[in-house]
Amino acid sequence: MKSLIIILFFVAFSNTNSCANKNNAAVKSQEKENQVTKKITFSVTRLNGKDVSKRKLHITFDEEQSSAYGHSGCNTFSSKYTEEGNTISFSFPIATKMYCEKNSVIEKEFFKTLIEVKTRTLKEDTLILKDVNNKELFFGIRSKE
């Protein structure tokens, strides 16, 4: 009987310790993931010189995945990008397929303009994307996360 109590006591404490280790491992894994992931979101306020701040366009750069994603007026989109110094180029974006009659024109312009981008300039909380002729295509302000 004495040995049964000792065994039960041992099993009870070893399970408690095991759960604590699993929880600690999960917390450490989440902390590491948050530190490694670099995502920066910008609200697009100008597109080709036009004020689009009321359209709630935004673009998020995921530096770890070399991808950009966001909202293009009606749909969400994603695109891979390559960057070297201040030059940047986007692959053709993929998007969800909702139809929005009011925003279809702005969305087409957004996608057409995105693939024309050749340079990216970050100054404090602003993003400026320009074409090969140094014309400003996108102007954005960093979103508070």
Side-chain angles (χ1 to χ4, degrees), residues 6-145:
I6 292 173
I7 292 171
L8 289 174
F9 188 76
F10 178 74
V11 169
F13 278 106
S14 66
N15 283 343
T16 304
N17 192 23
S18 174
C19 290
N21 286 340
K22 287 179 185 174
N23 287 340
N24 286 341
V27 168
K28 287 180 182 176
S29 174
Q30 184 64 38
E31 287 173 354
K32 184 178 179 183
E33 184 178 316
N34 289 341
Q35 290 173 354
V36 171
T37 304
K38 286 188 138 189
K39 296 179 182 176
I40 306 170
T41 301
F42 294 91
S43 297
V44 177
T45 58
R46 283 195 313 259
L47 176 62
N48 288 322
K50 294 179 265 184
D51 181 3
V52 293
S53 55
K54 293 181 181 173
R55 303 288 186 134
K56 300 189 188 245
L57 307 175
H58 65 271
I59 186 168
T60 300
F61 291 90
D62 182 341
E63 294 177 359
E64 185 178 284
Q65 300 294 320
S66 293
S67 67
Y69 58 89
H71 181 71
S72 55
C74 176
N75 291 286
T76 58
F77 75 94
S78 67
S79 174
K80 289 289 190 179
Y81 69 86
T82 56
E83 185 175 32
E84 189 176 316
N86 71 337
T87 63
I88 188 169
S89 62
F90 293 88
S91 64
F92 195 80
I94 57 172
T96 54
K97 296 194 179 246
M98 293 191 318
Y99 176 72
C100 303
E101 189 173 342
K102 289 182 181 179
N103 293 327
S104 65
V105 172
I106 194 78
E107 187 166 74
K108 284 180 186 176
E109 182 177 359
F110 184 97
F111 290 142
K112 178 182 171 283
T113 304
L114 187 64
I115 58 176
E116 293 175 0
V117 170
K118 296 299 177 211
T119 63
R120 175 170 93 159
T121 305
L122 294 171
K123 291 182 182 177
E124 296 186 23
D125 287 342
T126 61
L127 167 73
I128 302 169
L129 299 175
K130 296 180 179 180
D131 68 7
V132 71
N133 297 319
N134 213 29
K135 176 187 170 201
E136 180 185 294
L137 303 175
F138 288 88
F139 183 86
I141 299 173
R142 188 177 195 154
S143 299
K144 307 272 189 262
E145 297 180 78

With a 4.0 Å cut-off on N to O distance, would you call E124 and R142 a salt bridge? no
What one should report as the nearest heavy-atom pair of F90 and L114 is CD1-O, 3.5 Å
Point-to-point distance, once rounded to the nearest 0.5 Å, from CZ of R55 to CD of E107: 11.0 Å
Can we say E63 and K39 salt-bridge, meaning some charged N sits less than 4.0 Å from an Asp/Glu carboxylate O? no
Going by atom types alone, do S78 and S67 pair a side-chain donor with an acceptor below 3.5 Å? no
Is the number of heavy atoms from other residues, nucleotides or ligands under 6.0 Å of L122 CG greater than 12? yes
Counting N and O atoms only, with roles assigned by atom type, does the side chain of S89 sit under 3.5 Å from a partner on the main chain of K118, one being a donor and the other an acceptor? no
Is the NZ atom of K80 crowded by more than 12 outside heavy atoms at less than 6.0 Å? yes
Go through the steps for L127 and I59 under the test side-chain contact (heavy atoms from CB on, under 4.5 Å), then give the verdict. CA-CA 10 Å; L127 167 73; I59 186 168; 4.2 Å; yes
Are any non-hydrogen side-chain atoms of T60 and I40 less than 4.5 angstrom apart? no
Side-chain contact test, heavy atoms from C-beta onward, threshold under 4.5 Å: evaluate it for I88 versus T82 and give yes or no. no
Go through the steps to decide whether R46 and E136 satisfy the test side-chain contact (heavy atoms from CB on, under 4.5 Å), and finish with yes or no. CA-CA 9 Å; R46 283 195 313 259; E136 180 185 294; 3.0 Å; yes
What about F42 and F138, are their ring centers closer than 6.0 Å? no
Just how far is it from atom CD of E116 to atom CG of L129, taken to the nearest 0.5 Å? 12.0 Å
If only side-chain N and O atoms count, and only distance matters, is there a donor-acceptor pair under 3.5 Å linking T119 with T87? no
Donor-acceptor check, side chain of D62 to backbone of Q65, threshold 3.5 angstrom: yes or no? yes
Tell me, do E109 and N48 make a side-chain contact under 4.5 Å, heavy atoms counted? yes
Using a 4.5 Å cut-off on heavy atoms from C-beta on, say whether the side chain of H58 contacts that of V44. no
Would you compute the distance between atom CD1 of I115 and atom CG of D131 and round it to the nearest 0.5 angstrom? 12.5 Å
Donor-acceptor contact below 3.5 Å, side chain N75 vs main chain M98: yes
Listing request: all disulfide (SG to SG under 2.5 Å) pairs with a residue in residues 39-93, at least two apart in sequence or in separate chains. C74-C100
The side-chain contact (heavy atoms from CB on, under 4.5 Å) partners of S53 (sequence neighbours excluded) come to T45, D51
When rounded to the nearest 0.5 angstrom, what distance separates OG1 in T113 from NZ in K108? 13.5 Å
Side chain of S79, backbone of S91: donor and acceptor closer than 3.5 Å? yes
Inter-residue atom distance F77.CZ - Y69.OH, 0.5 Å rounding: 10.0 Å
Could you grab the distance from atom CZ of R120 to atom CG of L137, nearest 0.5 Å is fine? 14.5 Å
